[in-house]
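In what follows, every chain begins at residue 1, and chains take the letters A, B, ... in the order their sequences are listed.
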Amino acid sequence: MSGCHPYRELMKNWLAGELEPGVPPALVEHARTCEDCRRILEAHVALETIALQIPEPASEDLRVVREEVGARIRRRAGVAPRSFLRELGALGRGHPLLAPAALAGLLLVAVLAGRWSAARPADGPDTWLRQIEDQAAQRGSLAGFWDDPVLLANVAVRPQPDGRLALSFDACRHLELVVPAGSPVAREALLSAILDSPRLGMRLKAMQLSPDLRDPGLAEALVYTLHHDPSLAARSEALAVLARYPFDATVREALLVTLRQDVAVQMRLLALEALAEHRVSRETIERTIREAGLQSNPAVLQRVEQLVAGS
Amino acid sequence: MDSGPHDGDLVAEAKLGSCTAFNLLMQRYERLVYRISWAYTRDRDDALDLTQDVFLRAWEKLGTFRGEGSFRGWLLCLAHRTGLNRLRSRRRTGQRNGLATGDLPCCPADQETDLLRREEQERLLEELARLNPRQQLAVTLRYFERRPLRDIALALTCSEGTAKNLLFRSLDKLRRGLLPREREHHERMPPLPGADEKLAGG
């Protein structure tokens, strides 16, 4: 490796991608006589070759992987936080016809109660629908399903060009259960919607419905949304709902964290207003502002003066 | 860099059993893990399967992640190790990456060149899986994610100069890791003086 030193800096810069893409001529010349440097260049070329061959993965493939991992995690660790759905899933594993039977039972109850509506699809029924489809795929036949008059009446059947039949379980999408606001099912559904729904509208709606329950689990879900939801609208709704909760240590801390670290100034100002409304001391607010590095932000300072001048 | 919740917050939530938080982590790093997986398997389906394995193992081992380094570095380390295990297991069962499906070139000479090249790449990946986590992170971001030096330095929380040195040292280590076996492979040791005569004499 003697005599390499002058070329080392050049090679470092080139390997780091700071020079033109082609190998610098001086380096090529040096590598002819220096085996070690040549092998470093060869390792670089081999890595580049591998990297160039890697195809871009399809989003759909990655989504399938995510779903499979999620499903396995829930099965393995028993993590499924939605006990209502878990119980239904356990039913389905017990016997292939139990899940459809349970669904049919629920539908029957809904029919008898006269509660059909064209409501928006809920997460629960979507899960049941997938279970039914899985069961059907495993069985290769739907004989058991057709015996049930409720399901039969609500399944759309379309013939396919190849002679098979397309079955639309639209029945599931029109299910509406009317339950007491404080019931475990309602709580699970709200938690599921706040934490898991990909639809912003659903998350907002679920949050708007949650203050009546005064439930610690829901409060936790709201705090999670306040700190982690990528949507400003969702974070703002979570803050508004939390501010209406009893002002305990959890809510206070959640608002202080928002004031300290939310990426949107608008959220910080909202948190400031909520804290001032609950008469949090001026010292605490000013300390948090200093920690957030906002002490030179005129908008924040002005708002502090307006809101907590009297404290 | 990603906006949204910090990795550390998501990891803390996932450790408490939040699948939602883990799902966000998966979304954030799935492409990178897929690229690493593809490098070790050379096949779309196998790479997806390996990606799934990596995330399942990540979930199982999340409790051992103590937050001393970045989650990304920890995950990449796991991806490389899982990839290496897959590579070894394929070797044991006699399969070779990308060659089991009959995609060899027609000409025998080309086949040999192709095989040698792939063997060399496999050995390189083995060495890559043996690098320390910071070196692995630097190399993976540089080659598999094509990140500029500034991003690599940010990920390593060091200066660009240090990142540059680390990258160079990593390649030097890869080179040294490859060297003995290459010599064993390609360069025959000269016979000991008199050895031929001894052999001939029985």
Side-chain angles (χ1 to χ4, degrees), chain A residues 1 8-9 11-18 35-44 46-59 61-74 76-82 192 194-197 220-221 224 227-230 261 263, chain B residues 3-6 9-10 13 17-24 26-27 30-31 34-36 38-39 42 44-45 47-49 51-52 55-56 58-60 117 120-121 124-125 127-128 139 142-149 152 160-161 163-165 167-168 171-172 174-179 182:
Chain A
M1 211 44 93
R8 284 284 161 126
E9 281 307 310
M11 199 179 327
K12 278 180 195 173
N13 291 333
W14 183 68
L15 292 174
E18 290 197 319
E35 189 185 350
D36 287 340
C37 289
R38 190 175 67 243
R39 285 187 186 279
I40 292 177
L41 294 181
E42 282 171 359
H44 164 83
L47 282 167
E48 285 277 13
T49 309
I50 295 170
L52 281 173
Q53 290 168 338
I54 300 174
E56 195 56 27
S59 301
D61 288 340
L62 294 174
R63 189 186 60 78
V64 170
V65 167
R66 264 201 318 276
E67 284 184 1
E68 181 61 26
V69 171
R72 286 204 191 182
I73 283 172
R74 287 189 166 93
R76 269 190 207 177
V79 170
R82 321 284 168 254
S192 172
I194 293 172
L195 292 174
D196 294 338
S197 176
E220 201 179 311
Y224 183 85
H227 293 161
H228 300 304
D229 200 297
Q261 67 181 37
V263 287
Chain B
S3 57
H6 290 298
D9 295 337
L10 291 175
E13 295 283 341
S18 165
C19 295
T20 311
F22 192 70
N23 196 38
L24 283 173
M26 275 198 284
Q27 281 182 41
E30 60 195 4
R31 284 181 185 273
Y34 174 86
R35 287 191 194 110
I36 296 171
W38 195 93
R42 304 296 179 105
R44 171 185 161 276
D45 291 340
L48 288 170
D49 187 52
T51 303
Q52 187 175 306
F55 281 117
L56 281 171
W59 171 263
E60 284 166 4
R117 188 168 53 83
E120 186 185 86
Q121 289 179 355
L124 189 73
L125 287 168
E127 292 304 324
L128 178 55
V139 172
R142 166 73 178 90
Y143 292 98
F144 292 178
E145 276 237 296
R146 305 213 161 272
R147 292 293 181 102
L149 188 65
I152 299 172
E160 290 186 18
K164 203 189 296 180
N165 279 325
L167 196 58
F168 179 77
L171 281 171
D172 192 36
L174 288 177
R175 186 266 309 168
R176 272 184 278 140
L178 289 175
L179 199 56
E182 282 194 346

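Chain B forms the most heavy-atom pairs under 4.5 Å with one residue out of A/Pro55, A/Pro230, A/Ser59, A/Ala58, and that residue is A/Pro55. In terms of non-hydrogen atom pairs under 4.5 Å with chain B, the most contact-rich of A/Asn13, A/Val263, A/Thr49, A/Leu47 is A/Leu47. For the options A/Glu56, A/His227, A/Met11, heavy-atom pairs under 4.5 Å to chain B are most numerous at A/Glu56.
Summarising the local packing, CD of A/Glu220 is surrounded by 12 or fewer heavy atoms from other residues, nucleotides or ligands at distances under 6.0 Å.
Taking B/Phe22 as the reference, B/Trp59 meet the ring pair (Phe, Tyr, Trp, His ring centres under 6.0 Å) condition, with sequence neighbours excluded. For B/Phe144, the ring pair (Phe, Tyr, Trp, His ring centres under 6.0 Å) criterion is met by no residue, not counting sequence neighbours.
Judged purely by atom type and a 3.5 angstrom limit, B/Arg31 uses its side chain to pair as donor or acceptor with the backbone of A/Pro57.
Scanning both residues, A/Ile50 and B/Leu124, for their nearest heavy atoms gives CD1-CD2, 4.4 Å. Of all non-hydrogen atoms in A/Arg66 and B/Met26, the two that sit nearest each other are O-CE, 3.9 Å. The two residues B/Asp9 and A/His228 have their closest heavy-atom pair at CB-CE1, 3.4 Å.
A 4.5 Å side-chain heavy-atom check between A/Arg63 and B/Gln27 finds every atom pair outside the cut-off.
In this structure, chain B has no heavy atom under 4.5 Å from any part of A/Asp229.
Of the charged side-chain nitrogens involved, at least one lies within less than 4.0 Å of a carboxylate oxygen, so that A/Glu48 and B/Arg146 count as a salt-bridged pair. A salt bridge does not link A/Glu42 with B/Arg175: every distance from a Lys NZ or Arg NE/NH1/NH2 to an Asp or Glu carboxylate oxygen is 4.0 Å or more.
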